[in-house]
Amino acid sequence: QVQLVESGGGLVQAGDSLRLSCAASGRTFSSYDMGWFRQAPGNQREFVAAIKWSGGKTYYADSVKGRFTISRDNAKITVYLQMNSLKPEDTAVYYCAASRGGVYWRPVEYDYWGQGTQVTVSS
């Protein structure tokens with residue numbers, strides 16, 4: 001069992017930065033691939049970024065590539081999403097999720113989800 005708690009969301013202006021954190025509980029955290037997803041009102045949940053359990057491989061949606069960076073600290077059982085050059089279209093609830101492996105961009109591949117943190121970017 002893995003429990004996930006996101007934090008770090010807020011209201012910022014376009015061009016600003018935010019760092020989201022996802023604190024996990026559970027001794028097996030280091031064996032899970034981790035992902036960040038987001039969901040805006042009226043939209044489906046969409047993939048943002050993912051990182052393999054070892055931290056050696058990362059993946060990004062085209063819409064955030066070059067602006068967002070995912071990282072993890074297995075000792076602190078935490079995964080991060082550094083978001084730079086934020087745009088109004090980045091406004092959404094951001095969720096972190098844990099997966100035992102599979103297609104990294106598919107929400108159905110993730111076994112555990114956090115409750116989400118709101119990110120709002122004003123123009």
Side-chain angles (χ1 to χ4, degrees):
Q1 185 80 9
V2 177
Q3 293 183 321
L4 305 171
V5 179
E6 302 96 335
S7 61
L11 172 63
V12 297
Q13 293 186 330
D16 285 351
S17 298
L18 276 177
R19 189 175 82 156
L20 304 184
S21 298
C22 175
S25 64
R27 294 176 294 174
T28 59
F29 170 79
S30 61
S31 65
Y32 284 84
D33 299 339
M34 298 297 296
W36 284 97
F37 290 78
R38 66 188 182 186
Q39 188 167 17
N43 291 354
Q44 291 186 333
R45 193 166 296 190
E46 66 172 358
F47 169 74
V48 175
I51 186 167
K52 296 294 288 182
W53 64 271
S54 64
K57 190 74 173 177
T58 57
Y59 308 90
Y60 297 94
D62 287 344
S63 58
V64 307
K65 202 170 292 184
R67 299 189 297 123
F68 290 12
T69 303
I70 187 172
S71 61
R72 67 189 296 162
D73 186 334
N74 286 342
K76 295 182 178 179
I77 54 173
T78 301
V79 63
Y80 305 97
L81 185 68
Q82 178 67 42
M83 306 186 295
N84 298 330
S85 303
L86 283 161
K87 303 176 181 180
E89 51 263 44
D90 294 319
T91 295
V93 177
Y94 283 71
Y95 299 88
C96 72
S99 170
R100 292 186 179 91
V103 181
Y104 60 87
W105 50 266
R106 294 180 62 194
V108 70
E109 301 283 1
Y110 290 78
D111 306 289
Y112 303 102
W113 292 83
Q115 84 290 346
T117 186
Q118 177 71 47
V119 172
T120 304
V121 185
S122 64
S123 58

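These numbers were taken from a predicted model, which means no experiment stands behind them.
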Any idea which heavy atoms bring [X] and [Y] closest together, and the distance?
X: Gly114; Y: Tyr95; answer: O-CD2, 3.6 Å
X: Met34; Y: Ile70; answer: O-CD1, 4.0 Å
X: Tyr32; Y: Arg100; answer: OH-NH2, 3.3 Å
X: Val93; Y: Gln118; answer: CG2-OE1, 3.2 Å

Using side-chain heavy atoms (C-beta onward) and a distance below 4.5 Å, is [X] in contact with [Y]?
X: Met83; Y: Val119; result: yes
X: Glu109; Y: Asp33; result: no
X: Val64; Y: Arg38; result: yes

So, the side chain of Gln39 versus the backbone of Ala92: is there a donor-acceptor pair under 3.5 Å, distance only?
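Side chain of Gln39 to backbone of Ala92, a donor-acceptor pair under 3.5 Å: no, none is there.
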Between Gln82 (side chain) and Thr69 (backbone), is there a donor-acceptor pair under 3.5 Å?
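Answer holds: no.
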At what distance, to the nearest 0.5 angstrom, does CG of Asp90 lie from OG of Ser63?
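Answer for the CG-OG pair, Asp90 versus Ser63, is 7.0 Å.
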Nearest 0.5 Å, please: how far is CD in Gln115 from OG in Ser7?
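Answer for the OG-CD pair, Ser7 versus Gln115, is 8.5 Å.
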May I have the list of side-chain donor-acceptor pairs in residues 14-26 shorter than 3.5 Å, sequence neighbours left out?
| from | atom 1 | to | atom 2 | distance (Å) |
| --- | --- | --- | --- | --- |
| Asp16 | OD2 | Gln13 | N | 3.1 |
| Ser17 | OG | Asn84 | OD1 | 2.9 |
| Ser25 | OG | Gln3 | N | 3.4 |

Same apolar cluster: Val79 and Trp113, side chain cutoff 4.5 Å:
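Different clusters: Val79 never reaches Trp113 through Ile, Leu, Val, Met, Phe, Trp or Tyr contacts under 4.5 Å.
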Give me the one residue out of Trp105, Trp36, Phe37 that meets ring-ring contact (aromatic ring centres under 6.0 Å, His included) with Phe47.
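Exactly one candidate clears the test, Phe37.
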Tell me the ring pair (Phe, Tyr, Trp, His ring centres under 6.0 Å) pairs involving residues 51-82, sequence neighbours left out?
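Those involving residues 51-82 are Tyr59-Tyr104.
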Residues in side chain to side chain donor-acceptor pair (under 3.5 Å) with Asp62, at least two apart?
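In terms of side chain to side chain donor-acceptor pair (under 3.5 Å), with neighbours along the sequence ignored, Asp62 is linked to Lys65.
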